[in-house]
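First up is the structure itself, then whatever we jot down about it.
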Protein chains: 2
Amino acid sequence: MITPQDKKVLKRFGEHLRKLRKEKGLSLREMSYACSIDNSKIAKIEKGMINITFTTLLQLAVALEANPTVLLAYEPAE
Amino acid sequence: MITPQDKKVLKRFGEHLRKLRKEKGLSLREMSYACSIDNSKIAKIEKGMINITFTTLLQLAVALEANPTVLLAYEPAE
DNA sequence: TTATTTGCGGTCTTATTAGACCTCACACAT
DNA sequence: ATGTGTGAGGTCTAATAAGACCGCAAATAA
């Protein structure tokens with residue numbers, strides 16, 4: 001069950017991910033290629049539409065060439 | 001699809017989680033109570049049997065009273 | 001011994017992710 | 001105007017996480 005609370009959390013994470021991707025100068029399709037995740041899926045993640053799994057989280061880190069912890073290093077929803 | 005590679009990754013994460021739980025001095029049931037995740041599920045996570053979602057990851061951090069990044073701060077499988 | 005706790009694994013249903021593909025509108029350059 | 005890249009969503013199937021419950025064997029306590 002995906003609670004309204006979760007929605008906010010996922011949305012916040014999505015914003016963070018988007019920021020990281022932009023900083024890295026990647027387009028959705030470029031990032032898609034870099035981590036083998038469909039670009040439409042990445043867009044959904046950034047929009048907080050899906051609750052990604054652990055392995056997907058690590059894949060994203062690969063594309064960003066960053067330590068996975070970076071993906072969780074952000075201010076939670078205020 | 002859950003590849004053999006993923007299996008290793010999840011197993012490694014499970015070991016790390018288990019270590020964190022032990023350090024915190026929690027039993028599976030205590031932790032279960034602390035984050036509202038069924039104890040049988042936590043056992044499976046520690047055994048690397050399931051690929052948890054983002055929100056579940058955050059829930060685990062709650063039980064450990066730790067920053068979510070701590071859950072990803074470990075040496076990946078060698 | 002007896003009782004309690006603990007880790008662990010199985011089962012079942014439902015909700016949802018994964019994964020692949022497609023379409024569209026918009027911007028910008030050619 | 002034509003082509004290209006981009007963000008954003010929609011659709012479909014198969015795989016699987018979520019969630020809740022149960023039972024058991026070994027360890028621990030009483």
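Reminder, nothing fancy here: chain letters follow the sequence lines and each chain counts from 1.
Contact check on Lys19(A) versus Glu15(A) returns no salt bridge, with no Lys/Arg side-chain nitrogen under 4.0 Å from an Asp/Glu carboxylate oxygen. Remark: Glu30(A) does not engage Lys24(A) in a salt bridge, criterion side-chain N to carboxylate O under 4.0 Å. The pair Arg21(A)-Glu46(A) counts as a salt bridge, with a side-chain nitrogen and a carboxylate oxygen less than 4.0 angstrom apart.
Here the shortest heavy-atom pairing between Leu72(A) and Phe54(B) reads CD2-CE1, 3.4 Å. When all heavy atoms of Leu71(B) and Phe13(B) are compared, the pair lying nearest together is O-CE1, 3.4 Å.
Listed pair Ser27(B) / dT5(C) fails the phosphate criterion, with no side-chain N or O lying under 4.0 Å from OP1 or OP2. Lys47(B) has no side-chain polar atom (N or O) that falls below the 4.0 Å cut-off from OP1 or OP2 of dG10(C). Phosphate contact (OP1/OP2 of dC8(C), side-chain N/O of Arg18(B), threshold under 4.0 Å): present.
One can place CD1 of Ile42(B) at 15 Å from C1' of dG9(C), the figure rounded to the nearest angstrom. In this structure, Leu28(B) atom CG and dC8(C) atom P are separated by 6 Å, rounded to whole Å. Rounded to an integer number of Å, the gap from Glu46(A) CD to dA8(D) C1' is 11 Å.
One end of the helix from dT1(C)-dA30(D) to dT30(C)-dA1(D) points its axis 40° away from the other end's axis, with each axis taken from 5 pairs and the angle rounded to 10°.
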Please tabulate, one pair per line, all N/O donor-acceptor pairs under 3.5 Å involving side-chain atoms of residues 31-44 of chain A, not counting sequence neighbours.
{"unit_1": "Ser32(A)", "atom_1": "OG", "unit_2": "Ile37(A)", "atom_2": "O", "d": "2.7"}
{"unit_1": "Ser32(A)", "atom_1": "OG", "unit_2": "Asn39(A)", "atom_2": "N", "d": "3.3"}
{"unit_1": "Asp38(A)", "atom_1": "OD1", "unit_2": "Ser40(A)", "atom_2": "N", "d": "2.9"}
{"unit_1": "Asp38(A)", "atom_1": "OD1", "unit_2": "Ser40(A)", "atom_2": "OG", "d": "2.5"}

Between protein and nucleotides 18-27 of chain D, map the contacts as a letter string: B base, S sugar-phosphate only, - none, heavy atoms under 4.0 Å, written 5' to 3'. SSBB-B----

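Of the possible donor and acceptor atoms, none in the side chain of Arg12(B) sits under 3.5 Å from a partner among the backbone N and O of Gly48(B).
Atom CD of Glu23(B) sits in a crowded spot, with more than 12 heavy atoms from other residues, nucleotides or ligands closer than 6.0 Å.
Considering only side-chain atoms of Met49(B), the nucleotide from dG9(D), dG7(C), dG9(C) that sits closest is dG9(C).
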